[in-house]
Enquirer: 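First, the structure itself, so that you have it in front of you.
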Amino acid sequence: MTNDQTKRKTQKHNHINHITHNNPEEELSLLSLTMDFHVYGVSRLVFISSILVFFVGMCLALPENPNLRSSSPANNSGQINSNSVLVALLDSHYTELAELVEKALLLQTLEETVGKHNITIFAPRNEALERDLDPEFKRFLLEPGNLKSLQKLLMFHIIPTRIGSNQWPTHPESTHHHRTLSHDHLFLTHHQKTGDKTVDRAKLIHPDFLTRPDGVIHGIERLLIPQSVQDDFNKRRSLRSISAVKPEGAPEVDPRTHRLKKPAPPANPGSPPALPIFDALAPGPSLAPAPAPGPGGPHHHFNGEAQVKDFIHTLLHYGGYNEMADILVNLTSLATEMGRLVSEGYVLTVLAPNDEAMAKLTTEQLSEPGAPEQIMYYHLVPEYQTEESMYNAVRRFGKVRYDTLRLPHKVVAQEADGSVKFGQGDGSAYLFDPDIYTDGRISVQGIDGVLFPPEEVEPKKTALPAKVVSKPRRGKLMEVACRVLGAVGQDSRFTTCL
C-alpha cells in the first residue's frame with residue numbers, strides 16, 4: 001500500500017468519526033458513504049456489518065422524541081386494559097345488563113368510546129330487568145329485528161363524560177341534563193325533601209358503585225326507557241290492544257259451498273262478522289278454531305283471550321263455579337276456542353251450571369270421546385243476552401228457542417216463578433245467578449242444572465185399521481128376483497143370489 005492511499009484512508013475514517021459524534025442527523029448518509037469508497041485489506045461484508053452494528057447502537061443511544069411516540073394500543077387497536085370500566089361492568093353483579101350489552105353487539109362501540117373519553121354508566125339492578133320488566137317489552141327487545149331499539153335503550157344509560165356522585169346538582173330541586181350515547185338527554189336531580197338523587201325517574205341506589213380510571217358505574221333502581229324506543233314498541237306490538245285500528249270486513253261466504261265468494265266491503269268498527277259462528281267453530285273437539293276473519297281481520301280488533309281469562313277469573317272469585325271453569329280450561333280447550341271466537345268479533349252467552357249441578361254428572365256421561373265438549377257447546381248461545389233481555393223475551397213471547405253451538409239443537413227458555421227456566425221436564429234448570437259477568441262481548445248466567453238436548457225419538461208407526469171387505473151391493477130388481485126364486489126353491493142355482 002502506498003503512502004498516498006494510506007493517507008486517504010486515514011482521512012476518510014476521521015471524517016466518519018466526526019459525523020458520528022458531532023452530527024447524528026447525518027447518520028443516514030453514512031451507509032452510502034461507506035459503500036462508495038474502496039476498502040483495502042478488509043472484507044467488504046465484514047466492514048458493512050460493523051457499520052450496521054454501530055448504526056443500531058447509535059439509534060438506541062439517541063434520546064426518545066415525544067413527538068414521534070406511537071399512540072397507545074387502546075386508541076389504535078380498540079383494545080382495553082383489565083382496569084377498564086367495561087371489564088368491571090362485565091365482571092360485576094349487574095349480570096342482566098352485561099348480558100344485554102353482549103346481545104346488542106355494543107362491546108366494540110363502547111371500547112372505542114372508552115378509548116376517546118371517560119364514561120358514566122347507570123346500571124339498573126338485576127331485578128328490574130328480570131322480574132319487574134314487562135315480559136312483552138322484553139320479548140320485543142330481544143327480537144333480532146329490534147336490535148337498533150335494544151342498542152338505543154342501552155346507550156341511553158351511558159354518558160360520554162365522567163360524573164361522580166359529588167357532581168350531582170348541589171342546589172335542591174335543581175336539574176342538570178346530559179347528552180347520552182343515544183343522543184337523548186338524561187336529567188340529574190337532587191330532591192331536597194327526601195335527599196334522594198335521581199336519574200330521570202330512577203332513584204340512585206348505589207352511587208359510585210365501581211370507579212375506574214376511564215369511567216364510573218352508578219347503580220339505579222329501574223330501567224331507563226327513551227321515548228323513541230317506547231314509541232317503536234307501541235307501533236310494533238300486537239294490535240289487539242289498540243282500539244283505534246280500523247277493522248277489515250270479513251269476506252262473503254257462499255252458503256252452498258262454504259267458500260269465499262267475493263271480498264266484502266269494509267265493515268265499521270264493532271260490526272258483527274259476516275261469517276256465521278258455526279263456520280268459525282273448530283272442526284272437532286279439542287281442536288283450535290278454524291280461522292274466521294271478523295271485524296278485526298288478521299289484526300284481532302277484540303282481545304278475546306283477555307276477556308275469556310277475565311270471565312273465568314270472575315267465576316273462580318264468585319264461587320260455586322269451579323267445575324265449570326275446570327272443564328273450560330283443563331278438561332277441554334274451549335277457553336282457547338272461545339277467546340279466538342270473541343277476538344274475531346263474535347259474542348257469546350254462557351249458561352254456567354253451578355258446582356252442585358256439575359256434581360250430578362255421571363262417569364258415563366263424561367267418558368265418551370268429545371262428551372265434555374258437546375255438553376258445554378249446548379250451554380253456549382251465540383248471542384249476547386242478559387238476565388233482563390231474556391226475561392223480557394219470555395214474558396212477551398212465552399217460549400223462546402235460542403240457538404246453541406251444538407248444532408242443530410236449541411235450548412228452550414220460558415218464564416217460570418218470576419225467573420227464566422231453561423229446558424223441559426226433569427232436565428230443566430232455572431236462572432240462579434244472573435249476570436255473573438257481562439262486558440258487552442261475553443255474558444255469563446249461572447243456572448242450577450246441567451242442560452241436555454231432548455233425545456231424538458223416532459215417530460212410532462201406527463198400525464193401519466184392517467180393511468173391511470163388503471159384498472157388492474145388488475140392485476132392487478135382483479133382490480126381488482132372488483126372493484121369488486127363493487120362494488120356489490130355485491135360488492141356489494144362481495150364484496148372484498148366494
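Numbering of residues begins at 1 and proceeds along the displayed sequence.
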Enquirer: Where is the tightest heavy-atom contact between Tyr430 and Ala416, given as atom of each residue plus distance?
Expert: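 For Tyr430 versus Ala416, the nearest heavy atoms are CE2-CB, 3.8 Å.
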
Enquirer: Has the side chain of His157 got a donor or acceptor atom that lies under 3.5 Å from a matching backbone atom of Leu224?
Expert: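 Checked: pair present.
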
Enquirer: Does any N or O in the side chain of Ser149 come within less than 3.5 Å of the main-chain N or O of Val229, such that one atom is a donor and the other an acceptor?
Expert: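 Answer holds: no.
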
Enquirer: Measure from the ring center of His218 to the ring center of Trp168 and say whether it is less than 6.0 Å.
Expert: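 For His218 and Trp168, the ring centres are under 6.0 Å apart.
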
Enquirer: Quick one: does any side-chain atom of Asp355 pair with a main-chain N or O of Asn322 as donor and acceptor, under 3.5 Å?
Expert: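 Present.
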
Enquirer: Between the main-chain N or O of Leu186 and the side-chain N or O of Asp200, is there a donor-acceptor pair closer than 3.5 Å?
Expert: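 No; judged by distance alone, with no hydrogens or angles, the pair does not exist.
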
Enquirer: Do Ile442 and Tyr384 come within less than 4.5 Å of each other through their side chains, counting heavy atoms only?
Expert: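 No, side chains not in contact.
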
Enquirer: Identify, with sequence neighbours excluded, every residue that meets ring pair (Phe, Tyr, Trp, His ring centres under 6.0 Å) alongside Phe209.
Expert: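 For Phe209 the ring pair (Phe, Tyr, Trp, His ring centres under 6.0 Å) partners, ignoring immediate neighbours, are His93, Tyr94, His206.
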
Enquirer: Please test Glu143 against Asn146 for side-chain hydrogen bond (donor to acceptor under 3.5 Å, both in side chains), starting from the C-alpha separation and ending with a verdict.
Expert: CA-CA 5 Å; Glu143 289 179 0; Asn146 302 327; 3.1 Å; yes

Enquirer: Measure the spacing between CG of Leu181 and CG of Leu110 and express it to the nearest 0.5 Å.
Expert: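 Interatomic distance, Leu181 CG to Leu110 CG, rounded to 0.5 Å: 7.0 Å.
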
Enquirer: Could you tell me if the side chain of Leu328 sits less than 4.5 Å from the side chain of Phe311, heavy atoms only?
Expert: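 Yes. Closest side-chain heavy atoms under 4.5 Å.
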
Enquirer: Measuring only between side-chain heavy atoms, which start at C-beta, is Phe422 closer than 4.5 Å to Val412?
Expert: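 No. Closest side-chain heavy atoms not under 4.5 Å.
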
Enquirer: Return yes if some donor-acceptor pair links the side-chain N/O of Lys203 with the main-chain N/O of Ile220 below 3.5 Å, else return no.
Expert: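 No; judged by distance alone, with no hydrogens or angles, the pair does not exist.
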
Enquirer: How long is the gap from NE2 on His379 to CD1 on Ile327, to the nearest 0.5 Å?
Expert: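 Interatomic distance, His379 NE2 to Ile327 CD1, rounded to 0.5 Å: 9.5 Å.
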
Enquirer: Assess whether side-chain contact (heavy atoms from CB on, under 4.5 Å) is satisfied between Phe140 and Asp134, documenting all intermediate values.
Expert: CA-CA 10 Å; Phe140 163 79; Asp134 182 10; over 6 Å; no

Enquirer: Measure the CG-CD distance between Leu315 and Glu323 for me, rounded to the nearest 0.5 Å.
Expert: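 With rounding to 0.5 Å, CG (Leu315) is 12.0 Å from CD (Glu323).
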
Enquirer: Drop me the distance from Met338's CE to Leu405's CG, to the nearest 0.5 angstrom.
Expert: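 These two atoms lie 8.5 Å from each other.
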
Enquirer: Do Asn118 and Thr161 have side chains that approach each other closer than 4.5 Å (heavy atoms only, starting at C-beta)?
Expert: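 No, their side chains stay 4.5 Å or more apart.
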
Enquirer: Other residues, nucleotides and ligands only: do more than 12 of their heavy atoms fall within 6.0 Å of NZ on Lys148?
Expert: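 No, NZ of Lys148 has 12 or fewer neighbouring heavy atoms, counting only those of other groups under 6.0 Å.
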
Enquirer: Is the CD atom of Gln167 crowded by more than 12 outside heavy atoms at less than 6.0 Å?
Expert: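 Atom CD in Gln167 is packed in, count exceeds 12.
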
Enquirer: Walk me through whether Thr95 and Glu99 qualify under side-chain contact (heavy atoms from CB on, under 4.5 Å).
Expert: CA-CA 6 Å; Thr95 55; Glu99 183 179 355; over 6 Å; no

Enquirer: Measure the shortest side-chain to side-chain distance between Ile159 and Phe122 over non-hydrogen atoms and say whether it is less than 4.5 angstrom.
Expert: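 Touching, per the 4.5 Å side-chain cut-off.
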
Enquirer: Look up atom CG in Asn354 and atom CD1 in Ile436, then write down how far apart they are to the nearest 0.5 Å.
Expert: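 Taking CG in Asn354 and CD1 in Ile436, the distance rounds to 9.0 Å.
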
Enquirer: Determine the minimum heavy-atom distance between Gln365 and Lys360, stating which atoms define it.
Expert: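 Residues Gln365 and Lys360, closest heavy atoms: OE1-O, 4.3 Å.
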
Enquirer: Check Ile312 against Ala325 and note the closest heavy-atom contact, atom names and distance.
Expert: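 What the structure gives for the nearest pair is CG2-CB, 4.0 Å.
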
Enquirer: Looking at CD1 of Ile217 and CG of Leu86, how far apart are the two atoms once the value is rounded to the nearest 0.5 Å?
Expert: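 Output value for this atom pair is 8.0 Å.
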
Enquirer: Asn303 vs Gln307, test: side-chain hydrogen bond (donor to acceptor under 3.5 Å, both in side chains). Steps then yes/no.
Expert: CA-CA 6 Å; Asn303 195 347; Gln307 290 177 273; over 6 Å; no

Enquirer: Does Thr314 use its side chain to pair, donor to acceptor, with the backbone of Tyr437 at less than 3.5 Å?
Expert: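 No, Thr314 side chain to Tyr437 backbone: no donor-acceptor pair under 3.5 Å.
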
Enquirer: Can you check side-chain contact (heavy atoms from CB on, under 4.5 Å) on Val350 and Ser443, steps first, answer last?
Expert: CA-CA 6 Å; Val350 182; Ser443 171; over 6 Å; no

Enquirer: Would Thr386 and Asp435 satisfy side-chain hydrogen bond (donor to acceptor under 3.5 Å, both in side chains), going step by step from the backbone distance to the final call?
Expert: CA-CA 6 Å; Thr386 63; Asp435 297 339; 4.9 Å; no

Enquirer: Between Tyr377 and Glu337, does any side-chain donor sit less than 3.5 Å from a side-chain acceptor?
Expert: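 Yes - a donor-acceptor pair under 3.5 Å links their side chains.
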
Enquirer: Do you know the tightest heavy-atom contact between Leu147 and Lys103?
Expert: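 So the minimum-distance heavy-atom pair works out to CD1-O, 3.9 Å.
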
Enquirer: When you measure from the side chain of Asp208 to the backbone N and O of Ser165, does any donor-acceptor pair fall under 3.5 Å?
Expert: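 Looks like yes, one N/O pair under 3.5 Å.
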
Enquirer: Using a 6.0 Å cut-off, check whether atom OH of Tyr391 has over 12 heavy atoms from anything other than its own residue.
Expert: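 Check passes, neighbour count above 12.
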
Enquirer: Determine whether Ile225 and Phe156 make a side-chain contact, defined as any pair of heavy atoms from C-beta on separated by less than 4.5 Å.
Expert: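 Not touching, per the 4.5 Å side-chain cut-off.
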
Enquirer: So, does Gln445 use its side chain to make a donor-acceptor pair with the main chain of Leu351 at under 3.5 Å?
Expert: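 A pair under 3.5 Å: no.
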
Enquirer: Between Ala352 and Val444, what is the shortest heavy-atom contact and its length?
Expert: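 The pair with the smallest heavy-atom distance is CB-CG1, 4.1 Å.
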
Enquirer: Tell me, do Leu316 and Tyr321 make a side-chain contact under 4.5 Å, heavy atoms counted?
Expert: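 No, their side chains stay 4.5 Å or more apart.
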
Enquirer: Within the structure provided, determine whether Val216 and Val85 are in side-chain contact (heavy-atom separation under 4.5 Å).
Expert: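 Contact flag for Val216/Val85 side chains = no.
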
Enquirer: Applying side-chain hydrogen bond (donor to acceptor under 3.5 Å, both in side chains) to Thr189 and Lys197, what does each step give before you reach the verdict?
Expert: CA-CA 6 Å; Thr189 308; Lys197 298 178 180 179; over 6 Å; no

Enquirer: Any donor-acceptor pair under 3.5 Å linking the side chain of Ser428 with the backbone of Gly425?
Expert: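 The answer is yes, because a donor-acceptor pair under 3.5 Å joins these two groups.
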
Enquirer: Hey, is the main chain of Gln385 close enough, under 3.5 Å, to the side chain of Ser389 for a donor-acceptor pair?
Expert: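 Side chain of Ser389 to backbone of Gln385: no pair is present.
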
Enquirer: Walk me through it: do Val450 and Leu361 pass the test side-chain contact (heavy atoms from CB on, under 4.5 Å)?
Expert: CA-CA 8 Å; Val450 180; Leu361 291 176; 3.9 Å; yes

Enquirer: So which heavy atom on Glu136 is nearest to which on Phe233, and how close?
Expert: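 Answer, listing the atom of Glu136 first, then Phe233: O-CE1, 3.9 Å.
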
Enquirer: Starting from the C-alpha separation in whole Å, work towards a yes-or-no answer on salt bridge (Lys or Arg N to Asp or Glu O under 4.0 Å) for Asp132 and Arg125.
Expert: CA-CA 10 Å; Asp132 299 343; Arg125 56 193 180 94; 3.1 Å; yes

Enquirer: Check this for me: does any side-chain nitrogen of one of Asp184 and Arg179 sit under 4.0 Å from a carboxylate oxygen of the other?
Expert: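 Answer for the salt bridge query: no.
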
